[in-house]
Amino acid sequence: MLVQFKMKNVLSFKDETIFDMTAISAYKEHPSNLIDIDTKEKFLRVAAIYGANASGKSNFVWALKLFRRIVSQSLNNVDDETESVLKKYSRPFSFEENKGNSEFEIVQILGDEEYQYGFEYNSEKIVTEWLYRKNLKANRKVMIFERAMQEVNLGASVRKKCEAYKEQIPSETLVLSFFNKLNLKTDIFKTVYSGIMDILVFTSDDCENTNFLDAILPRIIDNEKEKLLEFLAAIDIGIKDITYKKKEKETLFFTFHKGEDGELYPLNLYDESEGTIKSIMLYIHAHMAIISNYVLVMDELNVKLHPLLLKFFIDLFYNNDSMAQLIYTTHDTTLMDKKFFRRDQIWFVQKDELGHSELCALSDFKVRSDASFEKDYLAGVYGGIPFLKEFSLKEGE
């Protein structure tokens with residue numbers, strides 16, 4: 001479960017930026033929107049991020065993706081001649097001559113423990129890295145490791161198991177990535193690594209890529225078709241059945257619709273509307289997240305979806321039997337309403353005249369109890385909207 005994500009000098013987020021899924025205890029509305037793990041704090045199941053075009057919403061999603069990629073790949077191409085992972089995924093703020101180092105940090109709850117993990121890096125090396133663990137019951141925090149350049153200081157719980165290997169860690173490789181690959185008598189590195197990989201991040205381009213369906217949909221049809229058809233019936237798009245067949249190197253998918261004569265007629269899946277195809281993809285993502293307690297991060301979730309279908313999809317995550325979380329960016333303000341969201345579930349991104357993106361929550365503002373979130377947002381009260389100037393396409397004016 002994601003508690004907090006922090007970044008600095010990444011893409012358009014020049015200054016330290018903190019995104020927090022911790023619920024504000026003073027807010028009593030929509031208790032079903034929260035995850036309760038019997039601790040002092042509760043956590044949000046869903047968060048929506050709003051902002052104007054080019055404000056940095058997609059950069060927030062990309063930052064999470066960069067973080068995951070560095071963690072998963074920093075050990076991959078050490079000592080070969082290909083471009084290093086750090087150089088490939090170093091994306092400091094562009095509009096300054098002195099680029100400086102970038103920084104990521106994540107706080108997650110995995111089991112009965114809270115883990116705080118982060119690193120500072122540039123295109124050539126890992127500068128600093130750290131991992132701390134806090135037991136939620138005892139509320140005791142311990143250091144697992146701290147790194148400064150090539151100096152790695154190991155905590156007491158892992159020192160004996162890891163001391164012999166720490167000198168082998170290359171300057172461009174994360175300690176976490178390195179120890180995750182080893183067969184050690186501690187599972188802490190694999191736990192933290194897996195927790196990060198369980199954050200599923202999808203950019204808007206990913207949602208257009210049907211290779212995902214080609215790879216995953218046959219298994220869904222084979223094992224869980226009844227549940228998929230139940231979902232398709234619930235969103236009322238007329239699909240009565242779905243099948244597939246293998247043909248040489250490709251897989252063909254067919255949906256079935258009922259004609260006037262009561263018979264079912266096939267249609268190639270990719271002849272369905274783009275909204276229907278995206279709905280099936282979203283179902284698969286949501287299904288995986290909810291049954292496995294993953295974090296699902298989606299850019300431009302509302303694109304090609306009717307507002308009621310968007311709400312239907314979001315509501316899937318208000319499931320008391322799951323700790324799955326949904327974080328998404330959107331322009332659609334139809335759900336920006338206190339009937340659906342708590343004040344701590346709504347976030348805004350805006351960019352200043354120097355190109356710096358800033359992230360803030362609706363809860364950072366003094367919001368009246370009778371306020372209309374959508375109306376005030378579109379009026380510019382919270383920022384995160386475009387400032388439009390007069391423009392004419394007529395010649396000579």
Side-chain angles (χ1 to χ4, degrees), residues 30 32-33 44-53 55 57-58 61 200 202-210 212-213 216-217 220 224-225 227-242 253-258 265 267-290 296-319 324-342 345-349 362 372-378 384-386:
H30 302 302
S32 60
N33 292 15
L44 303 173
R45 295 184 183 276
V46 176
I49 302 174
Y50 292 85
N53 292 97
S55 63
K57 298 190 310 300
S58 294
V61 176
L200 310 179
F202 296 95
T203 64
S204 54
D205 289 341
D206 294 328
C207 293
E208 303 292 332
N209 186 354
T210 57
F212 170 80
L213 282 182
I216 303 298
L217 189 53
I220 297 293
E224 303 169 31
K225 182 162 80 167
K227 194 70 177 176
L228 172 59
L229 291 176
E230 184 181 333
F231 168 79
L232 295 174
I235 64 175
D236 192 29
I237 55 177
I239 294 176
K240 306 301 181 184
D241 197 5
I242 185 168
F253 297 98
F254 299 95
T255 56
F256 290 83
H257 296 255
K258 184 178 288 187
Y265 292 90
L267 181 69
N268 188 298
L269 172 62
Y270 296 120
D271 288 332
E272 294 277 3
S273 73
E274 292 181 348
T276 294
I277 295 170
K278 181 172 182 177
S279 296
I280 294 174
M281 294 178 73
L282 290 179
Y283 165 80
I284 297 173
H285 294 321
H287 180 66
M288 289 193 304
I290 291 168
L296 182 60
V297 183
M298 303 287 297
D299 191 22
E300 302 290 4
L301 178 60
N302 62 292
V303 173
K304 300 172 185 174
L305 297 183
H306 188 278
L308 290 177
L309 183 52
L310 175 62
K311 182 180 184 301
F312 183 93
F313 178 76
I314 292 168
D315 285 347
L316 295 175
F317 286 81
Y318 295 132
N319 182 331
Q325 294 168 294
L326 171 66
I327 300 164
Y328 69 96
T329 72
T330 182
H331 292 113
D332 192 319
T333 61
T334 55
L335 299 183
M336 190 189 284
D337 194 299
K338 58 187 174 184
K339 292 186 297 184
F340 309 123
F341 282 128
R342 295 161 50 94
Q345 290 183 272
I346 297 174
W347 291 75
F348 306 106
V349 179
L362 178 59
S372 167
F373 299 165
E374 179 184 23
K375 182 179 178 180
D376 287 349
Y377 169 65
L378 294 177
I385 61 171

Open item on the list: In the structure I gave you, are the side-chain heavy atoms of Met298 and Leu282 within less than 4.5 Å of one another anywhere?
Closed with: yes
Open item on the list: Classify the ring geometry of Tyr270 against Phe253: parallel below 30°, tilted from 30° to 60°, perpendicular beyond 60°.
Closed with: perpendicular
Open item on the list: Quiz question: by atom type and distance under 3.5 Å, do the side chains of Thr255 and Glu272 form a donor-acceptor pair?
Closed with: yes
- [ ] Report yes if the side chains of Phe348 and Leu362 come closer than 4.5 Å at any heavy-atom pair, otherwise no.
- [x] yes
Task: Backbone N/O of Phe256 and side chain of Lys240: donor-acceptor pair under 3.5 Å - done: no
Task: Shortest non-hydrogen contact between Asn319 and Leu316, atoms and distance - done: CB-O, 3.7 Å
Task: Interatomic distance, Glu224 atom CD to His287 atom NE2 [nearest 0.5 angstrom] - done: 3.0 Å
- [ ] Output, in order, the C-alpha distance, side-chain angles, deciding distance and verdict of side-chain contact (heavy atoms from CB on, under 4.5 Å) for Leu232 and Tyr283.
- [x] CA-CA 9 Å; Leu232 295 174; Tyr283 165 80; over 6 Å; no
TODO: Taking all non-hydrogen atoms of both residues into account, name the closest pair between Ala289 and Ala324 and its distance.
DONE: O-CB, 3.4 Å
TODO: Using only heavy-atom distances, determine whether the side chains of Ser273 and Thr276 contain a donor-acceptor pair under 3.5 Å.
DONE: yes
Open item on the list: Working note: Val349 + Thr329, criterion side-chain contact (heavy atoms from CB on, under 4.5 Å); need CA distance, chi angles, decisive distance, verdict.
Closed with: CA-CA 10 Å; Val349 179; Thr329 72; over 6 Å; no
- [ ] State the CE-CD1 distance between Met336 and Ile346, to the nearest 0.5 angstrom.
- [x] 5.5 Å
Open item on the list: Please tell me whether Thr203 and Asp299 have a donor and an acceptor in their side chains that are separated by less than 3.5 angstrom.
Closed with: no
Open item on the list: I'd like to know if the side chain of Thr330 pairs up with that of Asp332 as donor and acceptor (distance under 3.5 Å, no hydrogens or angles considered).
Closed with: no
Open item on the list: Under 3.5 Å, is there a donor on one side chain and an acceptor on the other for His30 and Lys338?
Closed with: no
Open item on the list: If I compare all heavy atoms of Asp241 with all of Lys225, which pair ends up nearest, and what's the gap?
Closed with: OD1-NZ, 3.1 Å
Task: Any side-chain heavy-atom pair of Leu213 and Ile277 under 4.5 Å - done: yes
- [ ] Report the distance from atom CG of Asn302 to atom CG of Leu309, rounding to the nearest 0.5 Å.
- [x] 11.0 Å
- [ ] Tell me, please, which residues at least two apart from Phe341 pass ring pair (Phe, Tyr, Trp, His ring centres under 6.0 Å).
- [x] none
TODO: Decide side-chain contact (heavy atoms from CB on, under 4.5 Å) for Val61 and Ile49; before the verdict, give the C-alpha distance in whole Å, the side-chain angles of both, and the deciding distance to 0.1 Å.
DONE: CA-CA 10 Å; Val61 176; Ile49 302 174; over 6 Å; no
Open item on the list: Just so I know, are the side chains of Leu217 and Ile242 near enough to count as touching, which here means a heavy-atom distance under 4.5 Å?
Closed with: yes
Task: Side-chain heavy-atom pair Ile235, His306 within 4.5 angstrom cut-off - done: no
Open item on the list: Taking Val46's backbone N and O only, do any of them form a donor-acceptor pair with Gln345's side chain (distance below 3.5 Å, no angle check)?
Closed with: yes
Open item on the list: To the closest 0.5 Å, what do you measure between CZ (Phe231) and OG (Ser279)?
Closed with: 5.5 Å
Task: Shortest non-hydrogen contact between His257 and Ile237, atoms and distance - done: CE1-O, 3.8 Å
Task: Distance, nearest 0.5 Å, that separates CE of Met281 from CD1 of Ile216 - done: 10.5 Å
TODO: Determine the interplanar angle of the Phe313 and Phe317 rings, folded into 0 to 90°, and report it as parallel if under 30°, tilted if 30 to 60°, perpendicular if over 60°.
DONE: perpendicular
- [ ] Anything under 30° is parallel, anything over 60° is perpendicular, the rest tilted; go ahead and classify Phe212 against Phe202.
- [x] perpendicular
Task: Leu326 vs Ile314 side-chain heavy atoms within contact, under 4.5 Å - done: yes
TODO: Only one of Asp315, Leu335, Asn33 passes side chain to side chain contact (heavy atoms under 4.5 Å, CB included) with Phe340; say which it is.
DONE: Leu335
Task: Lys258 atom NZ, over 12 foreign heavy atoms within 6.0 Å - done: no
Open item on the list: The test is side-chain contact (heavy atoms from CB on, under 4.5 Å); show your working for Met288 and Leu296 and say whether it passes.
Closed with: CA-CA 9 Å; Met288 289 193 304; Leu296 182 60; over 6 Å; no
- [ ] Kindly compute the distance separating CD (Gln325) from CZ (Arg45), expressed to the nearest 0.5 Å.
- [x] 9.0 Å
